[in-house]
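The analysis underlying the following values was restricted to heavy atoms, covering all of them including side chains, and did not include hydrogens, waters or symmetry mates. Below, read A as the first sequence line, B as the second, and so on, with proteins coming before strands; counting in each chain starts at 1.
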Amino acid sequence: MPEGHTIHRAAREHDKIFSGHCLSVTSPQGRFANGAARLDGQKCTGVEAIGKHLIYRFEDGSLLHIHLGLFGRIRKHKLPLRPARGAVRVRMVSAMDAIDISGPTICETLDEPGLLSLKQRIGPDVLRVDADPSRAYQKISKSRRAIGHLIMDQSVMAGIGNIYRTEILWRQRVHPLTRGRDLDGATLERIWLDARNLLEIGVKRNAIITVESEKRSKGRYRENTNIFGKAVCPSCDGAVSKLEISGRRVYLCGNCQVLAGAN
DNA sequence: AGAGTTGTTCAAGC
DNA sequence: AGCTTGAACAACTC
C-alpha cells in the first residue's frame, strides 16, 4: 500500500489525534510487536515520518518504529472498538481514537541511537522540510545506475515508490534507463520538486494523483495516473511500453521520454 | 484459487 | 566495490 505520502499522511493525522494522550498499546496477534507491552498506558508525545518509516514517541523516551512494507496497512476506527479483524500486529487506542496496524515488515521499539542510524541510512525525504536534496543529487550524478532505480532507492532519496517513479519520470520527460551521471542538475531539481509536489498532493488527497487538471470527484478517493498501468500515452497517443527496473514494473513512452547521454 | 502487488533486506556471485 | 539476481516476508484483492 504505502508510498511516502501514505506514511506522512498517517504521521500528521496520528500526531494530531494522539499527541498528549495516553495510549493503550496492544498486540492482538503477539508476533512482531517487539516491546509493545512497555508502551502500554504511556502518553504519546509525537509522531513523525522519515521516508516510509513511522516513529511514535512516548513519554519515557521509547520509540515505536513501523515500516509497512508492501502489504502493511493502517486502519482508523471509531470507538467503541470491535475486536481486531485479520492479522493486526499493533493496536493503539486513546480516549477518542484508535488505529490498527496490520502486516508491517518492521514493528519494533527503538532507542535514540537506533533512530539516528535509521536517519543516517535513509536519503533526504522529499516530504520533509529539513531535507537536503543536494545529498541525493550528489549520489545520482556519480552513479551509472538507471535513474529509474535511483529515485526509488530509499538510501538515495526517500518517499518515492513504484507508481510515483513511473509518473514523475514521464512528467519530466526523462527515460527511466538514463544513467544518473548523464542527468544535469536542472533535471535533477525538476525531478525532486515534482516528487515533492506530487507526494504532497497525495498526502492531501489520500490517493496517488499525478494528472494536472483533475476534477475533484466527490466521495471516493481514486487513484489517477498518466501512464502507470496504461496502454496509451496521454501526451502523444503513442503506445506505452513496459520495463522492469529494480524488480518492479516501469511504464514509459518512448516518444516523450528521452534517453539522455546514450553512447 | 492463483496471480499480482503503492517494499525492503540479505546473501551470493560476477 | 559496485552491481545484479533471487529469495524471503507480509496481507489482501480480483
Enquirer: Please confirm whether the shortest side-chain N or O distance from A:R248 to OP1 or OP2 of B:dT6 is below 4.0 Å.
Expert: yes
Enquirer: Between A:L68 (CG) and C:dA11 (P), how many Å, whole number?
Expert: 11 Å
Enquirer: Taking A:D132 first and then A:R135, would you say they form a salt bridge - that is, a charged N and a carboxylate O separated by under 4.0 Å?
Expert: no
Enquirer: Which atom pair, heavy atoms only, marks the closest approach of A:H149 to A:I245?
Expert: N-CG2, 3.6 Å
Enquirer: Can you identify which nucleotide, out of C:dC3, C:dA10, B:dT8, has its nearest atom closest to the A:F71 side chain?
Expert: C:dA10
Enquirer: Atom CD1 of A:I245 and atom P of C:dC3: how far apart are they, to the nearest Å?
Expert: 14 Å
Enquirer: Of the listed nucleotides (C:dC3, B:dT6, C:dA10), which one gets closest to any side-chain atom of A:N162?
Expert: B:dT6
Enquirer: Could you tell me whether the phosphate oxygens of B:dG7, OP1 or OP2, come under 4.0 Å of any side-chain nitrogen or oxygen in A:Q154?
Expert: no
Enquirer: Measuring to OP1 and OP2 of B:dT6, would you say a side-chain N or O of A:K52 lies under 4.0 angstrom away?
Expert: no
Enquirer: Taking Watson-Crick and G-U wobble pairs with both distances under 3.5 Å, convert DNA chain C into its dot-bracket string, 5' to 3', dots for unpaired and | for cross-strand pairs.
Expert: .||||||||.||||
Enquirer: Of the options C:dA11, B:dT6, C:dC3, whose atoms approach the side-chain atoms of A:R144 most closely?
Expert: C:dC3
Enquirer: Would you say a side-chain N or O of A:R165 is under 4.0 Å from OP1 or OP2 of B:dT6?
Expert: no
Enquirer: Quick one: pull up CD1 in A:I140 and CG in A:L188 and give me the separation to the nearest 0.5 Å.
Expert: 5.0 Å
Enquirer: Let me know which of A:E212, A:R171, A:E167 forms a side chain to side chain donor-acceptor pair (under 3.5 Å) with A:N226.
Expert: A:E167
Enquirer: Salt bridge or not between A:E3 and A:R9? Use side-chain N to carboxylate O under 4.0 Å.
Expert: no
Enquirer: Answer whether the closest heavy-atom distance between the side chains of A:K43 and A:C22 falls below 4.5 Å.
Expert: yes
Enquirer: Has A:R249 got a side-chain N or O lying under 4.0 Å from the OP1 or OP2 atom of B:dG4?
Expert: no
Enquirer: Can you confirm whether the side chains of A:D125 and A:H8 place a donor and an acceptor under 3.5 Å from each other?
Expert: yes
Enquirer: Whole angstrom is fine here: how far is it from NE2 in A:H67 over to P in C:dC9?
Expert: 18 Å
Enquirer: Roughly how far apart, to the nearest Å, are B:dA3 and C:dA7 at atom P?
Expert: 15 Å
Enquirer: Does A:H5 make a side-chain N or O approach to OP1 or OP2 of B:dT6 shorter than 4.0 Å?
Expert: no
Enquirer: Which nucleotide sits closest to the side chain of A:E3: B:dG7, C:dA10, C:dC3?
Expert: B:dG7
Enquirer: Out of C:dA10, B:dT8, C:dC12, which has the shortest distance to the side chain of A:R73?
Expert: C:dC12
